[in-house]
Visitor: 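Below is one structure. I have some questions about it.
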Amino acid sequence: LSSDDRYAFVPGGSEFTIVDVSNPASPSVTSNFALADGVHVALSADGNVAYITSRTLGLEIYDVSTPAAPSPLSNVAIPGAWAVTLSSDEQYAFVGVDGSGLQVVDLTGVSPTIVANTTAAGNYLYDLELSNDGRYLFAVDAYGVNTFDVADPTSPVALGNIALGSFGYSLAMSNNDQTVYVADLADVAIVSVGAETVIAGISFGSTVDGGHALSANGSAVTFSGAVGGTAPLASLTTTANTTAVIGGGTVETTGNQTY
């Protein structure tokens, strides 16, 4: 949505559509233009520029300051471009790529250019959320949640991955910058700053790594792969009524283990 909630910007199919939703009971198309395989869109804070991902075209950048007459500004060829979000200062675009992890585009020059390419654990990043302080980027992929330190956008650092056992497609950040909510095909996870809590019964189909505290509650939690084998967890805790099935052989933490 535009900052004034008047326009919705909708990628998809073979075109990009701008819809006037000022009267939600009677939305109307303001304009549209051909755009193959559009997936996500991020708007500049002033609502004048749209950054649109296309799986075939890459990152398409459009002037939408006049919604009835959008016009192209530039393109960055990124095959498989899927998710997009902007850095806090809007000088960089973070692009999740289907098959190639995370790419970072510098938007400050005359021609936007790719300045970083960081491979994620799953390589398929379907949604991105930036923490409100601009320091951390959360990316959901085919295997779970990846966390990146993007204090220097030109050199993102992968901090860890939590496997959720099912394809992850969407995530959202809480307004207080403390919690990330992740939806996949099977479960819901709540990821807090400094600790990850998985709710409901869940199966971790792969390894679980990263220097965070993991707390799980629900009927049962199954770890099919090694826990903390590459990067030990800070701690692992399950509630008294949760059955923990350790199928990966090892659990490595730097702190307490209670399960």
Side-chain angles (χ1 to χ4, degrees), residues 1-11 16 18 35 38-54 57-67 70-78 80-97 100-120 125-141 145-160 170-182 191-194:
L1 286 175
S2 58
S3 58
D4 60 3
D5 292 337
R6 178 172 180 179
Y7 295 101
F9 298 83
V10 186
F16 186 87
I18 301 177
L35 181 73
V39 187
H40 279 207
V41 60
L43 290 178
S44 60
D46 61 10
N48 290 334
V49 181
Y51 300 86
I52 311 162
T53 52
S54 161
L57 300 175
L59 182 64
E60 294 283 312
I61 305 175
Y62 271 74
D63 182 340
V64 293
S65 57
T66 304
S71 59
L73 295 174
S74 58
N75 164 269
V76 183
I78 305 176
W82 195 282
V84 61
T85 193
L86 302 178
S87 61
S88 297
D89 58 10
E90 300 188 2
Q91 294 186 5
Y92 298 90
F94 300 104
V95 180
V97 184
S100 301
L102 175 69
Q103 297 197 24
V104 183
V105 178
D106 186 339
L107 304 172
T108 60
V110 175
S111 298
T113 56
I114 298 171
V115 293
N117 187 342
T118 299
T119 301
L125 302 186
Y126 294 132
D127 201 6
L128 305 172
E129 282 284 345
L130 191 68
S131 62
N132 294 313
D133 62 6
R135 174 68 184 267
Y136 299 102
L137 182 72
F138 300 91
V140 65
D141 67 10
V145 181
N146 298 275
T147 308
F148 299 90
D149 185 332
V150 291
D152 178 1
T154 66
S155 184
V157 178
L159 299 178
S170 181
L171 75 163
M173 193 82 187
S174 64
N175 291 331
N176 65 2
D177 209 19
Q178 296 298 304
T179 308
V180 175
Y181 301 89
V182 184
V191 183
S192 301
V193 174

Visitor: Calculate, to the nearest 0.5 Å, the distance between atoms CD and OH belonging to Glu60 and Tyr51 respectively.
Guide: 13.0 Å
Visitor: Roughly how far, to the nearest 0.5 Å, is CG of Asp46 from OG of Ser65?
Guide: 8.5 Å
Visitor: So which heavy atom on Ala77 is nearest to which on Ile114, and how close?
Guide: O-CD1, 4.2 Å
Visitor: Less than 4.5 Å apart, side chain to side chain, heavy atoms only: is that true for Val76 and Thr113?
Guide: no
Visitor: Can you tell me how far apart OG1 (Thr147) and CZ (Phe138) are? Round to the nearest 0.5 Å.
Guide: 5.0 Å
Visitor: Check whether any side-chain heavy atom of Val64 lies under 4.5 Å from a side-chain heavy atom of Val49, and answer yes or no.
Guide: no
Visitor: If we only count heavy atoms from C-beta on, is the Leu35 to Ile52 side-chain gap below 4.5 Å?
Guide: yes
Visitor: Among residues at least two apart in sequence or on other chains, which ones pass ring pair (Phe, Tyr, Trp, His ring centres under 6.0 Å) with Tyr62?
Guide: Phe33
Visitor: Report the distance from atom CG of Leu102 to atom CG of Asn146, rounding to the nearest 0.5 Å.
Guide: 9.0 Å
Visitor: Taking all atoms of both residues into account, what is the closest heavy-atom pair of Ser2 and Asp4, and its distance?
Guide: OG-OD1, 2.5 Å
Visitor: Val84 versus Trp82: any side-chain heavy-atom pair under 4.5 Å?
Guide: no
Visitor: Is a side-chain N or O of Thr85 found less than 3.5 angstrom from the main chain of Leu130, in a donor-acceptor match?
Guide: no
Visitor: Closest heavy-atom contact between Pro67 and Ile18?
Guide: O-CD1, 3.6 Å
Visitor: Tell me if a side-chain donor or acceptor on Thr53 pairs with a main-chain N or O of His40 at a distance below 3.5 Å.
Guide: yes
Visitor: Under a 4.5 Å cut-off applied to non-hydrogen side-chain atoms, are Val39 and Ser54 in contact?
Guide: no
Visitor: Please round to the nearest 0.5 Å and tell me the distance separating atom CG of Leu73 and atom OG of Ser111.
Guide: 11.5 Å
Visitor: Do Thr118 and Val157 come close enough that some side-chain heavy atom pair is under 4.5 Å?
Guide: no
Visitor: Taking salt bridge (Lys or Arg N to Asp or Glu O under 4.0 Å) as the test, write out the residues that go with Asp149, two or more places apart.
Guide: Arg135
Visitor: Over all heavy atoms of both residues, which pair between Asp63 and Asn48 is shortest? Give the atoms and the distance, please.
Guide: OD1-O, 3.4 Å
Visitor: Within this structure, what is the CG-CG distance for the pair Leu171 and Leu128, rounded to the nearest 0.5 Å?
Guide: 7.5 Å
Visitor: Would you please test Val150 and Tyr136 for side chain to side chain contact (heavy atoms under 4.5 Å, CB included) and show each step?
Guide: CA-CA 6 Å; Val150 291; Tyr136 299 102; 5.8 Å; no
Visitor: Donor-acceptor check, side chain of Asn117 to backbone of Gln103, threshold 3.5 angstrom: yes or no?
Guide: no
Visitor: What heavy-atom pair brings Ala139 and Phe148 nearest, and what distance separates the two atoms?
Guide: CB-CE1, 4.0 Å
Visitor: Extract all donor-acceptor atom pairs below 3.5 Å that involve side chains of residues 89-97 and protein atoms in other chains or at least two apart in sequence.
Guide:
{"unit_1": "Asp89", "atom_1": "OD1", "unit_2": "Ser87", "atom_2": "OG", "d": "2.7"}
{"unit_1": "Asp89", "atom_1": "OD1", "unit_2": "Gln91", "atom_2": "N", "d": "3.0"}
{"unit_1": "Glu90", "atom_1": "OE2", "unit_2": "Ala45", "atom_2": "N", "d": "2.6"}

Visitor: What are the two closest heavy atoms between Val41 and Phe9, and how far apart are they?
Guide: CG1-O, 3.7 Å
